[in-house]
Amino acid sequence: MFDFSVPVNRYGTYCTQWDYVADRFGCDDLLPFTISDMDFAVAPCIQKALATRLEHSVFGYSRWNHDDFKEAICGWFERRYHTELDSHSIVYGPSVIYIISQLVQLWTEVGDGVLVHTPAYDAFANMLNANQRQLITSPLLKTDTGSYEIDWPQFEAQAARVECKVLLLCSPQNPTGRVWTRDELTRMAQICQHHNVNVISDDIHMDIAFSDYIPWPQVAVDQQWALVSSASKSFNIPALTGAYAVIADESLRDGYLTQLKAAHGLSSPSILGVIGHIAAYNEGKEWLDCLKEYLHANLNYVAEQLNQAFPELHYQVPQGTYLAWIDLNPLNVDMDALQRVLINDHRVAIMRGDTYGIEGTGYVRLNVGCPRSKVEMGVTALIAALNELITR
């Protein structure tokens with residue numbers, strides 16, 4: 001019913017991934033597999049809702065604090081994740097990272113520590129550094145099966161540090177694609193409660209989970225937490241702006257709203273972002289289900305091709321996200337040389353793993369949120385570049 005194989009020309013749309021690839025890679029004419037948005041057109045229900053609003057032609061100040069927006073979010077969590085949310089606990093923000101940044105500032109002091117599983121989304125470290133907070137790392141352990149596990153003794157030791165005030169959880173985890181189990185989340189919740197560590201759970205990738213995603217409210221053992229998410233990642237609408245958080249504690253919630261409205265003057269949201277969320281959550285289920293099937297098939301293709309070319313990689317499809325996190329360390333290739341060959345010889349841009357911390361050394365992160373034809377070109381280029389370096 002939905003055809004995700006049709007390429008969409010994104011050039012000339014002020015697109016970060018395509019129009020501004022030179023900002024990171026130094027060249028304009030590259031095929032990008034980089035920033036985590038997708039090359040697919042939005043769900044028809046979203047496009048129709050936006051078109052209807054555009055026809056009105058008046059774009060004055062707007063509101064997010066109404067039942068249509070909040071009940072769309074509540075309904076989505078109830079239908080899809082069997083999680084009942086209190087609509088009064090929902091707040092708006094222009095982006096997920098904005099909300100997280102405000103909560104970190106509210107819940108910590110300068111010099112305090114924030115615990116993060118690594119490798120991690122690079123914006124986390126940048127945000128903490130800019131806010132003069134300390135990044136406390138808990139490196140994930142790669143298993144023999146190619147998955148990633150928490151180093152529990154190390155994690156609890158870090159949580160117990162006097163300066164550790166917040167766990168910044170990524171669920172599902174970017175870049176590894178790990179989807180946390182109920183037992184793992186429960187154990188993290190208990191450790192954080194024991195050591196008086198607040199929890200901020202970044203669940204922006206929640207809708208692209210291929211195993212059971214468990215929202216934090218299902219395991220929370222106190223009120224010192226926030227779940228932050230958006231329809232932007234799963235429905236490919238980040239340029240509309242808009243995100244939300246579920247903040248259980250009223251006083252913590254009021255503190256955030258004071259920052260949003262009084263300190264930063266952001267009480268009026270992008271009306272298109274609000275409408276996009278409402279349409280996505282009320283009408284986008286069928287589109288999203290088809291998208292997930294297509295993305296999983298893309299990831300399977302990557303695994304088949306890489307493991308056929310290099311059996312020693314044992315690459316496994318992630319449990320979530322449309323990001324292939326590929327460990328190239330068994331090939332012992334020079335990553336600087338790999339980037340040069342990909343860019344100069346194959347005109348392809350793929351994210352280096354060390355962008356996401358030292359634990360990503362020797363990895364690449366390949367975005368497969370695109371038609372299969374593009375994935376094929378990217379994987380072919382990666383295999384060719386690796387073979388060239390191995391046979392030198």
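Index from 1, following the sequence.
Taking the six-membered ring for Trp and the full ring otherwise, the centers of Tyr92 and Tyr244 sit at least 6.0 Å from each other. Taking the six-membered ring for Trp and the full ring otherwise, Phe155 and His117 have centroids separated by under 6.0 Å. Here the two rings, on Tyr356 and Tyr121, have centers that are 6.0 Å apart or farther. If you look at His264 and Tyr98, their ring centroids are closer than 6.0 Å. Taking the six-membered ring where the residue is Trp, the centroids of Phe40 and Trp287 are separated by 6.0 Å or more.
For Leu295 against Gly369, the heavy-atom pair with the smallest separation is CD2-CA, 3.7 Å. Closest non-hydrogen pair, Ile214 versus Trp180, comes out as CG1-O, 4.5 Å. Closest approach of Pro330 to Asp327, counting heavy atoms only: CD-O, 3.6 Å.
Heavy atoms from other residues, nucleotides or ligands lying under 6.0 Å from OH of Tyr11 number more than 12. Enclosure of atom NE2 in His66 by more than 12 non-hydrogen atoms of other residues, nucleotides or ligands within 6.0 angstrom is indicated. Heavy atoms from other residues, nucleotides or ligands lying under 6.0 Å from CG of Asp212 number 12 at most. Heavy atoms from other residues, nucleotides or ligands lying under 6.0 Å from CG of Asn196 number 12 at most. No more than 12 heavy atoms of other residues, nucleotides or ligands lie within 6.0 Å of CD in Glu250, so this atom counts as exposed by the packing criterion. Counting non-hydrogen atoms of other residues, nucleotides and ligands closer than 6.0 Å to CD1 of Ile390 gives a total above 12. For Lys285, the NZ atom counts as loosely surrounded, since its 6.0 Å shell holds 12 or fewer non-hydrogen atoms of other residues, nucleotides or ligands.
Counting only distance, with no hydrogens or angles, the side chain of Thr108 and the backbone of Val104 share a donor-acceptor pair below 3.5 Å. At least one donor-acceptor pair under 3.5 Å links the side chain of Thr391 to the backbone N or O of Asn387. Between the side chain of Asp112 and the backbone N or O of Glu109, at least one donor-acceptor pair lies under 3.5 Å. Remark: the backbone N or O of Pro32 is paired with a side-chain donor or acceptor of Lys374 at under 3.5 angstrom. In this structure a side-chain-to-backbone donor-acceptor pair under 3.5 Å is present from Glu184 to Thr181. In this structure a side-chain-to-backbone donor-acceptor pair under 3.5 Å is missing from Lys165 to Val114. Checked by atom type and distance alone, the side chain of Asp19 pairs as donor or acceptor with a backbone atom of Gly12 at under 3.5 Å. Checked by atom type and distance alone, the side chain of Arg80 never pairs as donor or acceptor with a backbone atom of Tyr281 at under 3.5 Å.
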Ser138 vs Gln154, side chain to side chain contact (heavy atoms under 4.5 Å, CB included): CA-CA, chis, key distance, verdict: CA-CA 7 Å; Ser138 180; Gln154 193 269 356; 3.0 Å; yes
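When each of Val364, Thr34, Asp122 is tested with Thr355 by the rule side-chain contact (heavy atoms from CB on, under 4.5 Å), just one qualifies, namely Asp122. Each of Asn198, Val219, Val246 was checked for a side-chain contact (heavy atoms from CB on, under 4.5 Å) with Trp225, and the lone residue meeting it is Val246.
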